[in-house]
Amino acid sequence: MSKTLRELREELSDELIKDILSQFNVEPRLETENYIVFPTCCHNLEGGSPKLYYYKNTKLFKCYTECNEMFDIFHLLIKMYHLRGKEITLHDAVRICNCDDTQDIDYSRSEVEDYKYMLELSGTVTADALPELKHYDSSILNRYSFDLNGFKPWLEEGISIEQIQKFGIKYDPIQNCIVIPNYDINGNLIGVRGRFLDADAPAKYAPLWFGNQCLSYPTSRCFYGLRENKEAILKKHTVVIVEGEKSVLKYGGFYKDNIALATLGKNISASHIAILLKLNVKRVILSYDADYETEKELEDKKVEYKKIANILTPYFETSILMDYDLQLNYKDSPLDNTKEYFEKLIKQRYKM
Ligand SMILES: [Zn+2]
C-alpha cells in the first residue's frame, strides 16, 4: 500500500516535532491541548515572534506573520534549510523526520492533493487570496555599490554586465557578497539575498540583514526574475524554471527574451502554479542542476525530477532537461555550459 504525504505526516508524534525543531534551537513558547506555539522559524533565522502555530489535530503549521500560509513539517524543514543556504528536497525532508520512506510514496500526486486540502483548510482558493508579501523600500539598496571587481566571480563565469544591471545586482564590500534583490511581479522589493564569496562563509547564499531586520521572503510564494522577465514570458507563454538566480542571469545572456525564473531550490508550490497561470504560461521546462555524476544517479534523479514535474502537468505542457551525456560538471546548472550545449539539452528534453 502506498502512502500519501498526509498519512506520513499524521503518524508523527508531537514529541518528534518538538525534537526536530529543538535541533535548530527552536523551542515551544506555549503548549495547549490543541496546539503548540513556536517562534517563527519559517521565514527568519532568529528572533522570531511566537506566531508559528502547530495544530495537533491536523499536524499542520501555520505562520501568522510573513508566510501567512499553512505547511507541514516537511515543508517547514525545506524552508529552514533554505534559510541556512542549503536546498533539500521533499524526499530529504521526509528522511530527516525518520519516516519509513521505503514504501512507495507518490509525492507528486499526494502533493497536489495536499495543496487542495490545505487551501480548503485555510479558506483560500488561490494564491491571489493570500495577503501581499512584505515590501521593503528599495532605497535600502543604495548602500551597496555597483562594483565590477566585486562581480568578478560572476563575470568570469560568463554573466554579462547588461544582465547584472538589468537585475539590479550590487556588491557589499563589507561582507564580501554579491547582493541579489528580489522583486514581486509589480516591482516591489520583497527581499534581498547575498552570495557570500569568502571561502569560510557559513553559507554560500543567505538573506541579508538591514539593521535588525532579516530581508528574507517565503520562496514558495514567488519566483526570482518575475519583475524583469514577465513581459517576455507573457509573449512566449513558456518558462524555463531554474534553481538559482545565476541561471536566470545566464539565460538572459543567451537569449534576448529571458523567460527563466528561479525557485531557489526545487520546490514547486501552489502559489508558483497560480503565478504561472496568471502569466498565461502554457509550457514549463524544468532546468534543474545536474546533481548526478553517473548514469545510475542520473536515472534516480530523473525519477525525482519527474515527481516534481507531475505537480505541473495538470496545468502545463511540462518537460525536463537531463544531461544524458554527463557533460555538465556535478551540480552545475544546464545554463553553466555553452549556449550550444543548452540547446542540445533542450532538444533532448524529456517530455512528460
Ligand atoms: Zn513564516
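This structure is a prediction, so every number in the text was calculated from the model and none was measured. Counting convention: from 1, in listed order, for ligands and their atoms alike.
With the Zn ion (ligand 1) at the apex, Cys42 SG and Cys63 SG define an angle of roughly 100° (rounded to 10 degrees).
Side-chain atoms of Tyr292 come within 3.5 Å of backbone N or O of Asp323 as a donor-acceptor pair.
Ring centroids of Tyr183 and Tyr217 are separated by 6.0 Å or more, keeping the two rings apart.
Between the side chains of Lys62 and Tyr35, no donor N or O sits under 3.5 Å from an acceptor N or O. Neither side chain, Asp19 nor Ser22, offers a donor N or O lying under 3.5 Å from an acceptor on the other.
Nearest N/O/S atom of His43 relative to the Zn ion (ligand 1): this is ND1.
Look at Cys41 and the Zn ion (ligand 1): no N/O/S atom of the residue is under 2.8 Å from the metal.
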